[in-house]
Amino acid sequence: KKSFNITSVPDTSAVNGVAGEWLIDPLNVSIVSGSGDISDDGNGVFTPPGSPNNTVGVDNLKSGLLSNSTVTVTTEGEGTEDGNITWESGATLDYDSIGIDKTLVLRADRNILYQGTIQDSNPDALSPDSLNVTFNSNASGNGGAIAIAGSITTGGGDIILGGGSDPFSEPAVGTPEFQVVQDGQP
């Protein structure tokens with residue numbers, strides 16, 4: 001049985017220089033609204049519901065972006081787990097107040113299904129926020145695809161959709177092994 005525990009959002013900020021990266025690395029993962037199914041045991045230990053389908057809430061991602069320059073969710077396939085990332089519909093990452101030049105990376109061994117929303121609910125020219133978003137499927141080179149049925153606004157940040165070891169220059173290759181459902185209809 002494999003799962004992961006998130007005990008807190010790490011602070012990889014730097015007094016001098018650029019903040020570091022927070023890496024979350026399960027098998028398959030679903031990104032859900034709120035804090036997801038990760039619950040606090042009262043001692044600051046967060047335990048996901050267990051293998052094989054781990055969840056991370058958009059609130060956890062935002063907390064990570066507040067104190068880190070980059071938050072990366074990466075998966076790996078093993079056994080019956082393909083290493084897919086599913087961003088569920090209704091899961092909204094509101095990056096208001098994170099600052100500029102922050103990056104969210106979804107790196108899936110196989111497929112990425114994005115059905116959510118990424119937005120700044122309070123765009124303000126006096127204190128701007130921007131988010132770079134990278135979706136990288138097919139990270140293992142064994143095939144993978146990106147399916148988007150949601151919305152992404154970045155406040156001037158970049159959106160990169162790609163595959164393989166370098167999403168800047170390699171495409172996602174393959175047919176997604178899931179069905180996009182919108183308004184209850186496939």
Side-chain angles (χ1 to χ4, degrees), residues 2-6 9-10 21-38 46-65 68 70-95 102-119 131-154 157-168 170-182 186:
K2 294 184 179 183
S3 63
F4 63 93
N5 293 331
I6 297 177
V9 175
E21 176 180 4
W22 178 29
L23 174 67
I24 305 167
D25 188 11
L27 297 173
N28 286 342
V29 67
S30 293
I31 298 172
V32 299
S33 62
S35 295
D37 292 332
I38 300 171
F46 296 84
T47 307
S51 178
N53 292 310
N54 296 292
T55 62
V56 175
V58 290
D59 291 351
N60 300 98
L61 296 178
K62 181 173 182 177
S63 294
L65 289 165
N68 302 284
T70 302
V71 171
T72 301
V73 178
T74 184
T75 63
E76 57 184 70
E78 181 179 295
T80 60
E81 299 294 304
D82 286 333
N84 295 325
I85 297 174
T86 301
W87 191 305
E88 295 184 356
S89 64
T92 298
L93 173 60
D94 178 5
Y95 62 86
K102 302 291 183 125
T103 301
L104 174 65
V105 177
L106 302 184
R107 184 181 303 126
D109 202 34
R110 294 291 310 269
N111 302 301
I112 297 172
L113 171 59
Y114 176 79
Q115 302 176 101
T117 302
I118 296 175
Q119 69 180 18
L131 181 65
N132 300 307
V133 177
T134 300
F135 289 178
N136 179 13
S137 72
N138 186 33
S140 66
N142 293 322
I146 300 168
I148 297 178
S151 66
I152 303 171
T153 58
T154 64
D158 296 326
I159 299 175
I160 298 167
L161 307 174
S165 61
D166 182 3
F168 295 97
E170 295 181 35
V173 178
T175 303
E177 297 165 353
F178 40 70
Q179 187 174 34
V180 175
V181 176
Q182 207 165 10

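In what follows, residues are counted from 1 in the order of the sequence shown.
- The shortest non-hydrogen separation linking Thr134 to Pro167 is CG2-CG, 4.0 Å.
- One distance of note links CG of Leu104 with CG of Asn68; it measures 11.5 Å at 0.5 Å rounding.
- Atoms CD1 and CG, from Ile31 and Leu113 in turn, are 10.5 Å apart once rounded to the nearest 0.5 Å.
- The side chain to side chain donor-acceptor pair (under 3.5 Å) analysis of residues 141-152, with sequence neighbours excluded, yields the pairs Ser140-Asn142.
- Side-chain atoms of Thr86 never come within 3.5 Å of backbone atoms of Ser30 as a donor-acceptor pair (strictly under, hydrogens ignored).
- The structure places CD1 of Ile148 at 7.5 Å from CD1 of Ile159, a figure rounded to the nearest 0.5 Å.
- Residues Leu65 and Thr103 come closest through the heavy atom pair CD2-O, 3.5 Å.
- To the nearest 0.5 Å, atom CD1 of residue Ile152 and atom CG of residue Leu161 are 6.5 Å apart.
- Atom CD1 of residue Ile146 and atom CD1 of residue Ile112 lie 5.0 Å apart, to the nearest 0.5 angstrom.
- Not a single donor-acceptor pair under 3.5 Å links the side chain of Tyr114 to the backbone N or O of Ile85.
- Here the straight-line distance linking atom CG of Asn136 with atom CD1 of Ile160 works out to 9.5 Å at 0.5 Å rounding.
- In this structure, the side chain of Asn84 engages the main chain of Asn111 through a donor-acceptor pair within 3.5 Å.
- With hydrogens and angles ignored, the 3.5 Å screen pairs no side-chain donor or acceptor of Thr117 with any backbone N or O of Thr92.
- Nearest heavy-atom pair, Ser33 versus Ala91, reported as atom, atom and distance to 0.1 Å: N-CB, 3.5 Å.
- Exactly one residue among Val73, Val58, Val32 makes a side chain to side chain contact (heavy atoms under 4.5 Å, CB included) with Trp87. That residue is Val58.
- No side-chain donor-acceptor contact under 3.5 Å links Asn138 to the backbone of Arg110.
- Remark: the backbone N or O of Asp94 is paired with a side-chain donor or acceptor of Lys62 at under 3.5 angstrom.
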